[in-house]
Amino acid sequence: MNYRFSELAPEPQALFDLYDSVQWNEFLQLSKERLFQAIEQSWYAIHVYDDEKLIGTGRVISDGVINAVLCGIAVHPDYRRQGIGSDIVRGLVSKCRESRLHIQLFCTEDKADYYLHLGFETFAVGMKEQGNVEEAE
């Protein structure tokens, strides 16, 4: 298939719908406006479309000098196993390499083999805060 990749931010509702399709909204509990803000404030982001439908996304959080963290890599369930996620990761990595950034990625254990296949390696133990983060007012 021929999908369109774009660096332009998607419509907030389209992003929210994509995150909903991968069941991230339940965990994140962000409004579509706050979710969109995260994309806009990212150092770099790419999005994938099938015609006008947003079907994939990924972003980089970075200081632009030393570190880059890949995150928010999502592909709509109807479009998985077509190489879209791999293309997103390769695009993010390529952009980070242009700036000579140290690239990192955090993922759940069930996704580790996927990222190992894409050239990542385990290097540290990830930690997260216990409990929920409440939305700032």
Members besides V69 in its Ile/Leu/Val/Met/Phe/Trp/Tyr cluster (side-chain heavy atoms under 4.5 Å):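 V69 clusters with F106.
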Side chain to side chain contact (heavy atoms under 4.5 Å, CB included) partner of N25, chosen from L30, L18, D20: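 With N25 as partner, L30, L18, D20 yield a single side chain to side chain contact (heavy atoms under 4.5 Å, CB included), made by D20.
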Option passing side chain to side chain contact (heavy atoms under 4.5 Å, CB included) with I55 (candidates V75, D78, I84):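 For I55, the side chain to side chain contact (heavy atoms under 4.5 Å, CB included) test succeeds with only one of V75, D78, I84, which is I84.
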Between atom [atom1] of [X] and atom [atom2] of [Y], what is the distance when rounded to the nearest 0.5 Å?
X	Y	atom1	atom2	value
Q37	L15	CD	CG	12.5 Å
L105	L118	CG	CG	9.0 Å
L28	L35	CG	CG	7.0 Å
C71	Q104	SG	CD	11.5 Å
T122	Y115	OG1	OH	13.0 Å

Heavy-atom closest contact ([X] atom, [Y] atom, distance):
X	Y	value
V65	D63	N-OD1, 2.8 Å
A74	I88	O-CD1, 4.2 Å
L92	V60	CD2-CG2, 3.8 Å
C96	L70	SG-CD1, 4.3 Å
L101	G64	CD2-C, 3.5 Å

Considering only distance and modelled atom types, tabulate donor-acceptor pairs under 3.5 Å from the side chains of residues 40-49, sequence neighbours left out.
residue : atom : partner : partner atom : Å
S42     : OG   : A38     : O            : 2.7
S42     : OG   : R59     : NH1          : 2.8
Y44     : OH   : E7      : OE2          : 3.0
H47     : ND1  : T57     : OG1          : 2.8

Test item: [X] and [Y] side chains (from C-beta on) under 4.5 Å apart, heavy atoms:
X	Y	result
Q29	R34	no
R97	V93	yes
I73	Y114	no

Residues forming a side chain to side chain donor-acceptor pair (under 3.5 Å) with R90, sequence neighbours excluded: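 If we apply the side chain to side chain donor-acceptor pair (under 3.5 Å) test to R90, skipping adjacent residues, the hits are D87.
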For F120, all residues meeting ring-ring contact (aromatic ring centres under 6.0 Å, His included), sequence neighbours excluded: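 ring-ring contact (aromatic ring centres under 6.0 Å, His included) check on F120 returns nothing, list empty.
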side-chain contact (heavy atoms from CB on, under 4.5 Å) partners for Q13, two or more places apart: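 Scan of Q13 (side-chain contact (heavy atoms from CB on, under 4.5 Å), adjacent residues dropped) gives F16, D17, K32.
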Residues that E98 engages under side-chain contact (heavy atoms from CB on, under 4.5 Å), provided they are two or more places apart: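 Only S94, K95 meet the side-chain contact (heavy atoms from CB on, under 4.5 Å) criterion with E98.
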